[in-house]
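Worksheet for the structure shown next.
First listed ligand is number 1; within each ligand, the first listed atom is number 1.
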Amino acid sequence: MITWGCQMNVYDSARMTDVLRPLGYTPVDAPDSADMIILNTCHIRDRAAEKVFSELGRLRLIKEERKASGRETVIAVAGCVAQAEGEQILARAPYVDIVLGPQTYHRLPEMVARAARAGGAVIDTDFPAEQKFDFLPEDAAPQTSGNLTAFLTIQEGCDKFCSFCVVPYTRGAESSRPMVSVVAEARRMVEGGVREITLLGQNVNAYHGQNPDGSVCGLAELAGMLSDIPGLRRIRYTTSHPRDMDQALIDAHRDMPALMPFLHLPVQSGSDRILKAMNRGHTAAEYRALVLRLREARPDLALSSDFIVGHPGETDEDFEATMQLIRDVGFAQAFSFKYSPRPGTPAAGAPGQVPENVKDVRLQALQALLREQQDAFNQSVVGRVVPVLFTGTGRKPGQITGRSPWLQPVHVDGPQSLIGREVPVRLTARFSNSLSGSLTEEYVRA
Ligand code: SAH
Ligand code: SF4
Ligand code: F3S
């Protein structure tokens with residue numbers, strides 16, 4: 001299983017593995033020892049299709065070598081490039097056996113059987129009426145077993161149609177899983193040892209699952225149900241859209257200790273003109289006001305965001321407005337990208353495309369500022385005692401690692417018996433992407 005793209009693809013890859021396990025497949029590390037290779041692809045930026053074809057070229061050689069020694073190899077292309085360009089993939093790479101979109105992987109066993117029987121390629125990029133979640137094996141021995149943190153997809157697709165984005169085309173319309181199904185899956189995860197769950201969706205806070213009585217369950221209510229599961233210590237969610245941050249969810253950050261004080265809230269730009277061109281549906285002032293309300297509810301809330309530089313029409317003043325918003329808000333962490341035209345999206349054909357060299361300069365300035373803020377944030381927690389959920393051993397002997405409430409990796413010298421527990425740690429130093437700390441007396445010999 002080769003996985004590119006966002007966490008939703010990571011989740012999907014885990015579920016595809018579950019679906020295939022009853023057929024006798026188990027994951028392997030290297031493609032040349034694989035009877036089936038699934039490439040789970042991402043279409044969000046850059047030359048996604050080219051990247052897929054070049055990887056497929058490599059896999060073709062593996063397939064041929066294995067064939068020479070009498071072993072068959074099924075090659076499947078899944079995910080968002082498959083959804084967007086399925087036909088082209090089969091035309092250009094006829095050695096691909098299966099093409100499947102993100103909404104049909106519950107049908108993978110059937111596709112494998114069809115490919116074996118017919119010996120021809122199978123393509124399934126429907127947006128079926130049934131929800132794949134209803135067809136995934138329930139008792140699939142937790143892919144998560146041994147894992148202390150897990151992703152759980154609760155919502156998929158997007159109806160927002162931002163000017164630059166392919167997601168509404170590759171993942172389809174917004175839909176939410178029923179509350180009961182999410183809670184059941186979370187329970188199984190926790191029984192398998194998971195202590196921290198990150199709820200996933202392209203617009204996770206647009207979640208509107210159905211309650212058994214037919215009423216609508218929002219994300220705040222769902223998080224409340226999950227926080228009642230004994231053993232589940234931490235809940236996170238991503239990615240949220242500023243427009244869907246309702247009062248109930250803001251209140252949940254105040255009232256629910258399990259809800260971690262770290263929020264990824266993409267803003268993309270700080271210029272109202274560009275936000276409008278992007279079809280984001282809010283202004284920069286509205287974003288600032290929202291951040292204030294969130295920080296009022298949860299004063300230690302740290303923010304993360306996504307930014308795009310060089311969206312069509314972006315001037316120096318627009319870019320400066322983005323820099324100003326960053327200075328005003330202050331981010332603990334962020335992702336930033338050069339605008340990348342995606343075929344079929346409105347911005348790709350819009351006037352005012354920004355030259356690459358201008359995008360480069362803007363991206364550098366933006367990333368330098370964000371880097372400064374990230375360092376400052378990491379520095380600001382040094383000296384404090386914070387709860388760390390330990391998830392594994394460190395690289396150095398005697399070291400264990402975990403995460404802070406703000407998703408920072410933390411290393412300490414300590415006993416392995418603490419792995420799986422959340423214990424107080426005094427943070428002592430910061431490095432570029434992690435922190436070190438020491439255990440309090442009580443836990444050193446736990
Ligand atoms: N649903 C989320 C974003 C999902 S895509 C939201 O609305 O915030 C993840 C990030 O990729 C986006 O936030 C955006 O910053 C970036 N992105 C998406 N399309 C892009 C494009 N065409 N060019 C550059 N960056 C893009
Ligand atoms: Fe893409 Fe916008 Fe939907 Fe996010 S909200 S997935 S950026 S269309
Ligand atoms: Fe990429 Fe599809 Fe995720 S385009 S970012 S894998 S939703």
Side-chain angles (χ1 to χ4, degrees), residues 2-13 16 39-49 51-52 77-85 100-103 105 125 151 153 155-175 200-207 237-245 263-270 274-282 287 290 303-312 314 322 331 333-350 353-354 356 359 362-363 366-367 370:
I2 302 171
T3 308
W4 295 338
C6 62
Q7 293 105 326
M8 307 201 56
N9 265 13
V10 175
Y11 175 88
D12 288 352
S13 287
M16 282 192 268
L39 187 55
N40 197 5
T41 60
C42 172
H43 206 247
I44 201 83
R45 283 176 295 273
D46 306 320
R47 300 159 59 82
K51 202 170 142 204
V52 170
V77 183
C80 292
V81 178
Q83 186 66 47
E85 317 211 8
L100 72 156
Q103 302 308 336
Y105 59 69
T125 50
F151 292 133
T153 295
Q155 179 279 338
E156 279 209 272
C158 181
D159 297 338
K160 295 205 164 56
F161 291 91
C162 300
S163 62
F164 51 83
C165 184
V166 287
V167 169
Y169 312 96
T170 64
R171 291 271 171 171
E174 215 169 274
S175 84
L200 296 181
Q202 266 89 14
N203 273 288
V204 72
N205 56 344
Y207 177 79
Y237 57 92
T238 198
T239 295
S240 33
H241 194 292
R243 249 156 77 189
D244 294 318
M245 213 63 223
L263 179 61
H264 185 62
L265 194 63
V267 63
Q268 317 296 355
S269 168
I274 296 299
L275 285 169
K276 188 152 197 273
M278 287 177 162
N279 193 30
R280 291 293 289 180
H282 65 81
Y287 186 85
L290 175 60
L303 288 170
S304 150
S305 197
D306 291 344
F307 297 91
I308 296 178
V309 300
H311 183 274
E314 188 186 74
T322 301
F331 293 94
Q333 198 243 318
F335 300 97
S336 47
F337 314 99
K338 289 192 281 182
Y339 168 69
S340 165
R342 311 311 295 139
T345 60
Q353 298 288 327
V354 176
E356 276 312 294
K359 289 184 202 169
R362 288 180 189 165
L363 188 66
L366 185 107
Q367 289 186 336
L370 289 167

Minimum heavy-atom separation for [X] to [Y], with atom names?
{"X": "T41", "Y": "A78", "value": "OG1-O, 2.7 Å"}
{"X": "P242", "Y": "L290", "value": "O-CD2, 3.5 Å"}
{"X": "D244", "Y": "A206", "value": "OD2-CB, 3.5 Å"}
{"X": "S305", "Y": "Y287", "value": "OG-OH, 3.9 Å"}
{"X": "S304", "Y": "H264", "value": "OG-ND1, 2.6 Å"}
{"X": "R243", "Y": "G281", "value": "CD-O, 3.5 Å"}

Heavy atom under 4.0 Å from ligand 2: found in [X]'s side chain, backbone, both, or neither?
{"X": "T239", "result": "neither"}
{"X": "P266", "result": "neither"}
{"X": "F161", "result": "backbone"}
{"X": "C162", "result": "both"}

Who's closest to [atom] heavy-atom-wise, of [options]?
{"atom": "atom 7 (S) of ligand 3", "options": "Q83, Q202, M8", "value": "Q202"}
{"atom": "atom 2 (C) of ligand 1", "options": "T239, I44, V167", "value": "T239"}
{"atom": "atom 1 (Fe) of ligand 2", "options": "G281, G201, C165", "value": "C165"}
{"atom": "atom 26 (C) of ligand 1", "options": "V204, V166, I308, V309", "value": "I308"}
{"atom": "atom 21 (C) of ligand 1", "options": "S336, P341, S340", "value": "S340"}

Which of the ligand 2 atoms, numbered from 1, are nearer than 4.0 Å to a heavy atom of [X]:
{"X": "H241", "value": "5 (S)"}
{"X": "P168", "value": "8 (S)"}
{"X": "F164", "value": "7 (S)"}

Relative to ligand 1, is [X] under 4.0 angstrom through side chain, backbone, both or neither, heavy atoms considered?
{"X": "F164", "answer": "both"}
{"X": "K338", "answer": "backbone"}
{"X": "R280", "answer": "side chain"}

- Message: Could you walk me through whether V309 and T322 satisfy the side chain to side chain contact (heavy atoms under 4.5 Å, CB included) test, starting with their C-alpha distance in whole Å, then the side-chain angles of each, then the deciding distance to 0.1 Å, before giving a yes or no?
- Response: CA-CA 9 Å; V309 300; T322 301; 6.0 Å; no
Identity and distance of the protein heavy atom lying nearest [atom]:
{"atom": "atom 4 (S) of ligand 3", "value": "H43 N, 3.2 Å"}
{"atom": "atom 9 (C) of ligand 1", "value": "D306 OD2, 3.6 Å"}
{"atom": "atom 3 (Fe) of ligand 3", "value": "C6 SG, 2.3 Å"}
{"atom": "atom 6 (S) of ligand 3", "value": "N9 ND2, 3.2 Å"}
{"atom": "atom 16 (C) of ligand 1", "value": "R45 NH1, 3.2 Å"}
{"atom": "atom 4 (Fe) of ligand 2", "value": "R280 NH1, 4.1 Å"}
{"atom": "atom 3 (Fe) of ligand 2", "value": "C158 SG, 2.2 Å"}
{"atom": "atom 1 (N) of ligand 1", "value": "Q202 O, 2.7 Å"}

- Report yes if some N/O of Q268 lies less than 3.5 Å from some N/O of ligand 1; otherwise report no.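 Between Q268 and ligand 1 (N or O atoms, distance only) the closest approach is under 3.5 Å.
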- Query: Under 4.0 Å from any heavy atom of R342, which atoms of ligand 1 are there?
  - Reply: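 Counting from 1, the qualifying ligand atoms are 22 (N).
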- N, O or S atom of C42 closer to atom 1 (Fe) of ligand 3 than 2.8 Å: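 Short answer: yes, at least one N, O or S atom is under the cut-off.
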Side-chain ([X]) to main-chain ([Y]) donor-acceptor, under 3.5 angstrom:
{"X": "Q83", "Y": "T125", "result": "yes"}
{"X": "Q202", "Y": "G157", "result": "yes"}
{"X": "N279", "Y": "F161", "result": "yes"}
{"X": "R342", "Y": "H43", "result": "yes"}
{"X": "Q367", "Y": "F337", "result": "no"}

- Electrostatic pair E314:K359 at N-O distance under 4.0 angstrom: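 Result for this pair is no, no salt bridge flagged.
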- Query: Does a donor on one side chain and an acceptor on the other come within less than 3.5 Å for H311 and S269?
  - Reply: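 Checked: H311/S269 side chains show no N/O donor-acceptor pair below 3.5 Å.
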- Which ligand 3 atoms, with their elements, are less than 4.0 angstrom from a heavy-atom of C80?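 Atoms satisfying the 4.0 Å criterion: 2 (Fe), 4 (S), 6 (S), 7 (S).
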- M278/I308 under side chain to side chain contact (heavy atoms under 4.5 Å, CB included): CA gap, chis, key distance, verdict: CA-CA 10 Å; M278 287 177 162; I308 296 178; 4.0 Å; yes
- Query: Is K160 atom NZ crowded by more than 12 heavy atoms from other residues, nucleotides or ligands, each under 6.0 Å away?
  - Reply: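 Check passes, neighbour count above 12.
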